[in-house]
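Positions are given from 1 along the sequence.
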Amino acid sequence: MKKRKKTIFTVIAVLLVLVIGTGAVLCSLALKDNEQSLYTLSSTDDGFLKTLLKGAAFGREFTVSETEFNTYINKKYCHSPDEREKGIDHIRIYFHKDVPSEIYAHFFDGNIRFSAYAKVSFHLDTLTNIMILTFTDVRIGQLPISNYTAGKLLETIFSKSSIVTTERNTASVEAKYTYELKNAAIDMTLLDFVPDEGGIICRTNSLTAEAWKSLVSYLRSDEGKEKLRDIYDGIKDKLHNIIFGNN
């Protein structure tokens, strides 16, 4: 009887050691961060919204560079750990043609810091103007996790976000932007979003007559001439006479 009890206690002790050891290994893998260079932007380009506005001028297809897009989403969705208790402070997407893109990010939750990787596919619902991102092959640090666990992670990270909604291993954001001018606003909605190597092939709605009028009025102002000169250069053949015809 004593021998049996001793054997049972030994088995329990071994199991506890294995559980603790496994937990330590998994925790170590999850917190291992060898990807700083992959989620940190090597360069920035603030031209994303101007590129959208140029495309909206005629409603034609145009290309947004990877750098433009990553600069924009870092400014829109990332925050330093000092500003919030949990969130993302770095994010970078590598776009590919005909295969899922890759995303690297750095998260924080209190004093815990960890990197994450996933393959991501984009689906643009033009009826609702919603972009749905589906994440697969997710890992935290060097630890692969299931889609279910990935969904819980997304839910935790974006629980207080008014911009991003999550469901399972997907995240949804509105695929439209309102460009605020001096005395007006221009609504731009994505109609096409096709990842390509190093960028995205896009198309937006064409500017309405009222939006054209607002843009012309803004470009005629000193502020507009200063801030949107490159937009004017891109569509000067159509706007030159309208903007400067009476000057």
Closest non-hydrogen contact found for V164 with A171 is CG1-CB, 3.9 Å

Centroid-centroid under 6.0 Å between Y104 and Y94 rings: yes

Do V194 and F95 sit in one hydrophobic cluster, given that two such residues count as connected whenever their side-chain heavy atoms are within less than 4.5 Å of each other, even indirectly? no

Got M188 and K176 here, is their nearest side-chain heavy-atom distance under 4.5 Å?
-> no

For a quick check under 3.5 Å, do E102 and Y117 share a side-chain donor-acceptor pair by atom type? yes

By side chain to side chain contact (heavy atoms under 4.5 Å, CB included), E61 pairs with (sequence neighbours left out) I201

Note: L154 and R168 closest approach over all heavy atoms is CD1-O, 4.2 Å

*Is there a donor in the side chain of S172 and an acceptor in the side chain of E167, or the other way round, less than 3.5 Å apart?*
no

Item to check | Step-by-step side chain to side chain contact (heavy atoms under 4.5 Å, CB included) determination, T51 to E68 | outcome: CA-CA 9 Å; T51 299; E68 284 179 322; 2.9 Å; yes

Between R203 and D192 the two heavy atoms that sit nearest each other are NE-OD2, 2.8 Å

Rounding to 0.5 Å, atoms CG (L191) and SG (C202) come to a distance of 10.0 Å

Residues joined to I132 in its hydrophobic cluster, side chain to side chain under 4.5 Å directly or through other members, sorted by chain and number, are I130

CD1 of I200 to OG1 of T63, rounded to nearest 0.5 Å, is 9.0 Å

**Report entry** Verdict with supporting geometry, D46 and K75, side chain to side chain contact (heavy atoms under 4.5 Å, CB included)
**Finding:** CA-CA 10 Å; D46 290 315; K75 289 187 175 183; 2.6 Å; yes

Test side chain to side chain contact (heavy atoms under 4.5 Å, CB included) applied to F135 and K119, step by step
CA-CA 6 Å; F135 300 90; K119 292 181 179 178; over 6 Å; no

SG (C78) and CZ (R92) are apart, to the nearest 0.5 Å, by 13.0 Å

Between the CD1 atom in I88 and the CZ atom in F107, the distance rounded to the nearest 0.5 Å is 4.0 Å

Open item on the list: For F48 and V64: C-alpha separation, side-chain torsions, deciding distance, then whether side chain to side chain contact (heavy atoms under 4.5 Å, CB included) applies.
Closed with: CA-CA 7 Å; F48 176 71; V64 174; 3.5 Å; yes

Test item: S65 side-chain N/O and G199 main-chain N/O as donor-acceptor pair under 3.5 Å:
no

Donor-acceptor check, side chain of T71 to backbone of T67, threshold 3.5 angstrom: yes or no?
yes

Discussion item. If we ignore hydrogens and angles and just use 3.5 Å, is the side chain of D137 paired with the main-chain N or O of A118 as donor and acceptor?
Written reply: no

Should L41 and F108 be regarded as members of a common hydrophobic cluster, given that ILVMFWY residues are connected when their side-chain heavy atoms come within less than 4.5 Å of each other, either directly or indirectly? no

Between the CZ atom in F193 and the OG1 atom in T204, the distance rounded to the nearest 0.5 Å is 13.0 Å

Under 3.5 Å: donor-acceptor pair, side chain of N70, backbone of I93
yes

Output for pair (L133 CG, N169 CG), nearest 0.5 Å, gives 11.0 Å

Heavy-atom closest pair (E155 atom, T166 atom, distance to 0.1 Å) is CA-OG1, 3.6 Å

